[in-house]
Amino acid sequence: MQEGAEELEYVGFWLRVLASLVDTLLLCLALAPAIWLLASGGGESSRMAESGDGWMMQAFMMQGRFELSPLAGLMINWVLPAAAVLAFWWFKSSTPGKMLLGARIVDAKTGAPMTPGQAALRYLGYFVSSFPFFLGLIWVGVDARKQGWHDKIAGTVVVRPKRLGKQPVRFEQQA
């Protein structure tokens, strides 16, 4: 390790679950206004939305009478979440949930911030990691470097400043 370099540790399964829960909650809160604006319910629900009768709108949403158009659904469910995650990874090497833990995503060989290509591969790797039965995500709990399949595909690791008693991270090459 270089003189004065920060000692790091890998971030394990349960801390990453916690970070994902925080990210999911924040994403839902961020997308709620977009859902409200893009929603196109029919008949009564549209009139209630225009009248501002919010509690009735919530009741219609729960009954499935409040629907998004296919384009709005694509934007809300796929495009905006992907853009948000990739933007955080690119500009912060982290997501808000990981930031709360002091964690960041780095190149597994050098410890340098991940490249845009690695970020894209990592995001697509989530789909691979989810099948079958989320095994690629659970893999974080058994892997020595705490890498899920998406990390292995992209060549990344999730690290944070070293805590007491943890084995420090060693990179093959210096960044």
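What you see is a predicted model; the values in this text were computed from it and never measured. What's counted below: heavy atoms across the whole structure, side chains too, no hydrogens, waters or symmetry copies.
Of the possible donor and acceptor atoms, none in the side chain of Ser129 sits under 3.5 Å from a partner among the backbone N and O of Leu137. The closest donor-acceptor contact from the side chain of Arg145 to the backbone of Ala108 lies under 3.5 Å.
Checking each of Thr156, Asp107, Asp151 against Gln118 for a side-chain hydrogen bond (donor to acceptor under 3.5 Å, both in side chains) leaves exactly one that passes, namely Asp107.
With values rounded to the nearest 0.5 angstrom, Thr95 atom OG1 is found 6.5 Å from Ile105 atom CD1. Interatomic distance, Leu15 CG to Leu100 CG, rounded to the nearest 0.5 Å: 11.5 Å. The structure places NZ of Lys92 at 13.0 Å from CZ of Arg104, a figure rounded to the nearest 0.5 Å. Atom NZ of Lys162 sits about 7.0 Å away from atom CD of Glu9, to the nearest 0.5 Å. The distance from the CZ atom of Arg163 to the CD atom of Glu7 is 13.0 Å, given to the nearest 0.5 Å.
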Worked verdict on Val128 versus His150 for side chain to side chain contact (heavy atoms under 4.5 Å, CB included):
CA-CA 7 Å; Val128 175; His150 54 290; over 6 Å; no

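Taking the ring-ring contact (aromatic ring centres under 6.0 Å, His included) definition, one finds that Trp14 meets it with nothing, sequence neighbours left out.
Here the closest heavy-atom approach between residue Ile138 and residue Phe13 is recorded as CA-CE1, 3.9 Å. Residues Val11 and Ala103 share a closest heavy-atom pair of CG2-CB, 3.8 Å. Minimum interatomic distance between Gly125 and Ile153 (heavy atoms only, all atoms of both residues): CA-CD1, 4.0 Å. Residues Lys146 and Val140 come closest through the heavy atom pair CD-O, 3.4 Å. In terms of heavy-atom proximity, Leu27 sits nearest to Ala84 at CD1-CB, 4.3 Å. Nearest heavy-atom pair across Met75 and Pro81 is O-CD, 3.8 Å.
Taking a cutoff of 4.0 Å between a charged side-chain nitrogen and a carboxylate oxygen, Asp143 and Lys152 qualify as a salt bridge.
Between Leu101 and Ser94 there is no side-chain heavy-atom pair separated by less than 4.5 Å. Between Met99 and Phe88, the closest side-chain pair of non-hydrogen atoms falls below 4.5 Å.
Cluster annotation: Leu74 is connected to Leu80 through the hydrophobic network of ILVMFWY side chains, with a link wherever side-chain heavy atoms come within less than 4.5 Å. Tracing side-chain contacts under 4.5 Å through hydrophobic residues (I, L, V, M, F, W, Y), one reaches Tyr10 starting from Phe171; they form part of the same cluster. Criterion: ILVMFWY side-chain heavy atoms under 4.5 Å apart, direct or through other members. Under it, Phe134 and Tyr123 are part of a common hydrophobic cluster. Put simply, Phe127 and Leu86 are part of the same group of oily side chains (I, L, V, M, F, W, Y) that touch within less than 4.5 Å, one to the next. Connection of Leu18 to Trp139 is not established within any shared hydrophobic cluster, with ILVMFWY side chains joined at heavy-atom distances below 4.5 Å, either directly or through further cluster members.
Ring geometry, Tyr126 versus Trp89: the interplanar angle falls from 30° to 60°, so the pair is classed tilted.
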